[in-house]
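To start, the structure itself, in structure tokens.
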Amino acid sequence: MSHRGRLLACLLAVLAPAVLADYSAVPTPQNVSMVSINMKHWLIWSPVVSSSGNVTYSVQVQGEFERSYWNGIWSNVAECMRVKVPLCDVTEEIIGNVPYDFRVRADLGSEHSGWATLEQRFNRSTTLLTTPFLKVRAEGHHLIVELEELGPAFQFVLIYWNKDSENSSKMVRSSQTSFHLDTVEAGMEYCVKAQTYVTAIHRYSNFSSPVCIKVPGSTDSVLTIGLLSLFAFIVAIVVLPFLGWKAHQMLRYSCCPTVIMPETLAVTDSPRKLICPKSSPLEEYVDKCTVMVEVDASDELRHLYMQKTL
């Protein structure tokens, strides 16, 4: 073989695999991209259509450590090997704020397409943070705010205010999705807005549109309740002691009555005196009392008697 023939053979040996790959029975996936919303990351690509059968897909990842210190090795994404849909949830693969590479290939039986890689490496700090969805309801004189669950990486910043009062806004910050706000006034309208904060990437979302709600009742009813409460307090202070004293008197005279002797039986200065057996019970007092007249044997009485006789 001439020198020219050997050179052509070498070129064919080098180029043949690439040429054959381009004309493989399994086309390479196209339009590989990353969709990341609220710290959830999905690798997506255009579906591959083959007349030879149903195509599946396999995904690999390469982090900054593997790229810099581990000879550029690629690791399989276990949940995305031989999957049937052109989508892979790679959230668990991304654990740091560093650039990641992903690539995908199509599989048809024992045949494989070439690898299709992201055009630009992905960093989770670029994730799209949406405004949180919230619901507000009134329970009595309290406002209850409920926010959508976004995961443990998220905190919520909540601002609420009285719509009719300036400089009345308050802020609450918590990782909880349910807020029990301070006591609010009946008949007043309050507004609430919220935003998210992700500590891992040090980013805030925009604030949601304010949601306003009017607390049931009116200020007049509150005043009426206050006046009624004051009246009840006065009644308790003034009337109840009097009623207690009256009840005490009624019970006292009902259970232990005091017997007062009739005036007709009470003889003091008369020369006639009642002589009664003191040992007799009260009910027999009148029946058993014997009226006895004791004549005062004084000189004055005898003198008067002698004059009338003469």
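Quick note: residue numbers are just sequence positions, from 1.
L87 and V83 fall into different hydrophobic clusters, where Ile, Leu, Val, Met, Phe, Trp and Tyr residues are linked whenever their side-chain heavy atoms come under 4.5 Å apart, directly or through other members.
Closest heavy-atom contact between Y57 and P29: CD2-CG, 4.5 Å. Shown here for W161 and S169, the closest heavy-atom pair between the two residues is CB-CA, 3.6 Å. A pairwise comparison of heavy atoms in T131 and N206 identifies CG2-O, 3.2 Å as the closest pair. Taking each heavy atom of Y190 and E185 in turn, the nearest pair found is OH-N, 3.1 Å. The shortest non-hydrogen separation linking F122 to T126 is CE1-OG1, 3.6 Å. Nearest approach of C212 to E189, heavy atoms of both residues: CB-OE2, 3.6 Å.
Taking OH from Y197 and NE2 from H202, the interatomic distance works out to 5.5 Å, rounded to the nearest 0.5 Å. Going from atom NZ of K193 over to atom CE of M171 covers 11.5 Å, rounded to the nearest 0.5 Å. Of the inter-residue distances, the one linking N31 atom CG with W45 atom CH2 reads 12.5 Å to the nearest 0.5 angstrom. Atoms CZ and CZ, on R67 and R121 in that order, are 4.0 Å from each other to the nearest 0.5 Å. Between K163 atom NZ and K214 atom NZ the span is 10.5 Å, to the nearest 0.5 Å.
Checking T130 against N38 by side-chain atom types alone, a donor-acceptor pair falls below 3.5 Å. T127 and S36 form a side-chain donor-acceptor contact under 3.5 Å, judged by distance and modelled atom types alone.
Counting heavy atoms from C-beta outward, W70 and Q62 have side chains that stay 4.5 Å or more apart. The side-chain heavy atoms of N97 and R124, taken from C-beta on, include a pair separated by under 4.5 Å. With a 4.5 Å cut-off on side-chain heavy atoms, C88 and V77 count as touching. With a 4.5 Å cut-off on side-chain heavy atoms, V90 and M34 count as touching. The closest side-chain heavy-atom distance from M188 to S165 is not below 4.5 Å. Between W115 and W74 the shortest side-chain heavy-atom distance does not fall below 4.5 Å.
Contacts classified as salt bridge (charged side-chain N to carboxylate O under 4.0 Å, His left out) and involving residues 75-99 (residues at least two apart or in different chains) are given here: R82-D107.
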Hey, can you pull the donor-acceptor pairs under 3.5 Å for the side chains in residues 146-154, sequence neighbours left out?
{"residue": "E146", "atom": "OE2", "partner": "R137", "partner atom": "NH1", "Å": "2.9"}
{"residue": "E148", "atom": "OE2", "partner": "F133", "partner atom": "N", "Å": "3.0"}
{"residue": "E149", "atom": "OE2", "partner": "G151", "partner atom": "N", "Å": "3.1"}

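Other residues, nucleotides and ligands contribute at most 12 non-hydrogen atoms within 6.0 Å of the CD atom of Q176. Taking a 6.0 Å sphere around CD1 of I144, one finds it holds more than 12 heavy atoms contributed by other residues, nucleotides or ligands.
Judged as a side-chain contact (heavy atoms from CB on, under 4.5 Å), and not counting sequence neighbours, the contacts of K40 are W42, T91.
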